[in-house]
There are 2 protein chains.
Amino acid sequence: MTLNFIKPMTQTSIKIVVYEDNPDLRESLSVLLAGSIGFELIGAFVNCEQVAKQIVELKPDVVLMDIDMPVANGLKGLKIIKQLAPQVNVVMFTVFEDNENIFEAICSGAVGYLLKRTPPVKLLEAIQEANNGGAPMTSSIARKVLQMLPTQQKVTENNDYKLTERESEILNLLVKGNSYKMIADKCSISIDTVRSHIKKIYDKLHVHSQTEAVAKAIHERIV
Amino acid sequence: MTLNFIKPMTQTSIKIVVYEDNPDLRESLSVLLAGSIGFELIGAFVNCEQVAKQIVELKPDVVLMDIDMPVANGLKGLKIIKQLAPQVNVVMFTVFEDNENIFEAICSGAVGYLLKRTPPVKLLEAIQEANNGGAPMTSSIARKVLQMLPTQQKVTENNDYKLTERESEILNLLVKGNSYKMIADKCSISIDTVRSHIKKIYDKLHVHSQTEAVAKAIHERIV
DNA sequence: AGTTTCATCACCCAATCATGTGATATTACC
DNA sequence: GGTAATATCACATGATTGGGTGATGAAACT
């Protein structure tokens with residue numbers, strides 16, 4: 001990645017919009033992007049107040065989004081963007097490294113999450129990656145994202161109800177919305193046998209109704 | 001990251017075990033790690049047959065794990081490692097880039113996922129990151145991981161059932177395992193009213209039983 | 001003033017579910 | 001050979017649920 005201050009307008013430039021309340025940082029980003037081949041800064045704003053209008057008009061490829069901004073913050077802006085133009089790749093650019101913000105940003109559709117101490121070269125790389133369908137983030141951020149996923153450990157932990165194979169099978173069918181009769185059909189057993197199995201499942205799960213069993217099964221990933 | 005062929009034994013070296021069936025690649029990795037300060041290759045094996053014994057004896061900090069190996073593959077090995085020694089950081093090192101393998105590896109507790117075409121320098125960086133609590137992966141892998149998370153889009157999309165406030169409240173109580181009678185009590189309304197609300201909920205959700213409603217509610221909505 | 005939406009309640013009937021108390025056959029293990 | 005776990009089935013009883021039909025009042029919007 002080379003910085004180049006003679007910037008030709010190419011058709012393949014990545015069009016970028018920046019949301020950042022700090023004037024110095026905003027200026028730095030402008031200079032960086034203006035001076036880099038393949039990048040085109042088409043807008044830079046202090047907050048997300050006008051985000052809807054701006055995104056629709058400017059049609060950026062990538063948005064670099066600060067989180068902590070006065071009036072209308074970056075998470076709010078992100079959500080609006082993903083509603084109006086879900087194809088836009090939004091990269092969060094912030095000092096926050098807490099699970100809360102990361103989780104909300106990722107769940108709201110951000111594709112990348114960078115910290116402000118990211119060096120300029122890495123920042124340009126990240127924008128390119130975001131534009132190419134990647135999800136740029138540091139490995140410490142990635143670790144936090146992984147912790148949001150269901151892990152094998154959790155699964156093992158919760159499979160401790162020691163359901164038999166048949167019982168698991170029937171619980172699965174139950175979760176999928178099958179009635180006793182449908183389960184009996186699918187398993188080729190009598191409805192009384194289904195009953196019998198389900199009674200044992202309730203015992204093992206310490207529940208007393210289909211609803212509770214289904215909720216527990218889904219929440220604890222027994223299914 | 002510099003390669004250094006005069007390798008002093010420092011106490012802070014990252015202890016690494018490699019599982020890789022290709023002899024050439026295994027040799028390359030050995031040379032790379034042997035020649036790099038801060039890295040100590042303490043074992044290299046062709047498959048995961050003896051993984052349990054090896055991990056317990058060698059106590060590595062980081063494991064570099066191929067997936068496609070004869071007899072005992074890397075995903076199997078990963079699971080055994082995470083059971084016996086969950087503190088070990090396992091980085092998958094493979095040619096596979098499909099969702100299936102990535103998903104299984106991440107859910108089984110792998111902290112990193114690298115492709116075999118990763119350049120040596122990046123590989124060493126990744127091992128360090130894994131050792132320092134990071135989750136090294138390329139941004140394209142990261143994007144795939146993100147897709148495994150529930151997104152705001154999905155939530156918005158599915159909130160489209162337009163339940164009224166009361167209906168949402170009752171659905172929530174249903175999901176928590178309450179019977180009609182219990183809901184009636186908690187909401188201080190008659191059981192017939194509960195019925196009435198639930199009937200409307202079923203209509204809107206296109207389901208015909210508590211079980212289905214609960215499963216649907218949990219899988220794609222509020223709860 | 002009329003219409004729509006929402007929350008509330010009532011009654012009926014058939015289907016389904018929860019629970020209890022059995023029994024039988026198979027497999028596996030000591 | 002005896003025991004335990006599993007899977008199968010039966011019968012009975014009462015509670016709960018699902019669907020239909022309809023009514024009332026309040027709020028909101030036209």
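Keep in mind that what you see is a predicted model, and the values were worked out from it rather than measured. We name chains A, B, ... by the order of the sequence lines, and we start the count at 1 in each one.
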Side chain of B/H197 (C-beta onward), nearest among C/dC17, C/dT8, D/dA7: C/dT8
Minimum-distance nucleotide to A/K200 side chain [options: C/dC6, D/dA7, D/dA10]: D/dA7
Hey, which of these two, B/S196 or B/H208, hits DNA chain D nearer its 5' end, going by closest nucleotide?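 This one resolves to B/H208.
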Residue pair A/I189/B/K199 against DNA chain D: nearer the 5' end by closest nucleotide is A/I189
Could you check A/H197, A/K200, A/K204 and say which one makes a side chain to side chain donor-acceptor pair (under 3.5 Å) with A/E167? A/K204
OP1 or OP2 of [N] sitting under 4.0 Å from any side-chain N/O of [X]?
X: A/R166; N: D/dT6; value: no
X: A/K181; N: C/dT16; value: yes
X: A/T193; N: D/dT8; value: no
X: A/S209; N: C/dC17; value: no

Could you state the [atom1]-[atom2] distance from [X] to [N], rounded to the nearest angstrom?
X: A/D192; N: C/dA23; atom1: CG; atom2: C1'; result: 12 Å
X: A/R195; N: D/dA10; atom1: CZ; atom2: P; result: 11 Å
X: B/H206; N: D/dG19; atom1: NE2; atom2: P; result: 14 Å
X: A/I198; N: D/dA7; atom1: CD1; atom2: P; result: 14 Å
X: A/E165; N: D/dT8; atom1: CD; atom2: P; result: 11 Å
X: B/I183; N: C/dA7; atom1: CD1; atom2: C1'; result: 15 Å
X: B/L174; N: D/dT16; atom1: CG; atom2: P; result: 14 Å
X: B/I191; N: C/dC12; atom1: CD1; atom2: P; result: 16 Å

Could you pull out the closest heavy-atom pair between B/S108 and B/K79, with the gap in Å?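 Looking at all heavy atoms of both residues, the closest pair is OG-CE, 3.1 Å.
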N/O donor-acceptor pair under 3.5 Å between B/S139 side chain and B/A142 backbone: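 Side chain of B/S139 to backbone of B/A142, a donor-acceptor pair under 3.5 Å: no, none is there.
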Heavy-atom donor-acceptor pair, B/E27 side chain to B/P23 backbone, under 3.5 Å: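 The answer is no, because no donor-acceptor pair under 3.5 Å joins these two groups.
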Between A/Q210 and B/C187, which has a closest nucleotide on DNA chain C that is more 5'? B/C187
How about B/Q54 and B/Y19: does a side-chain donor come under 3.5 Å of a side-chain acceptor?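 Indeed, the side chains of B/Q54 and B/Y19 share at least one donor-acceptor pair under 3.5 Å.
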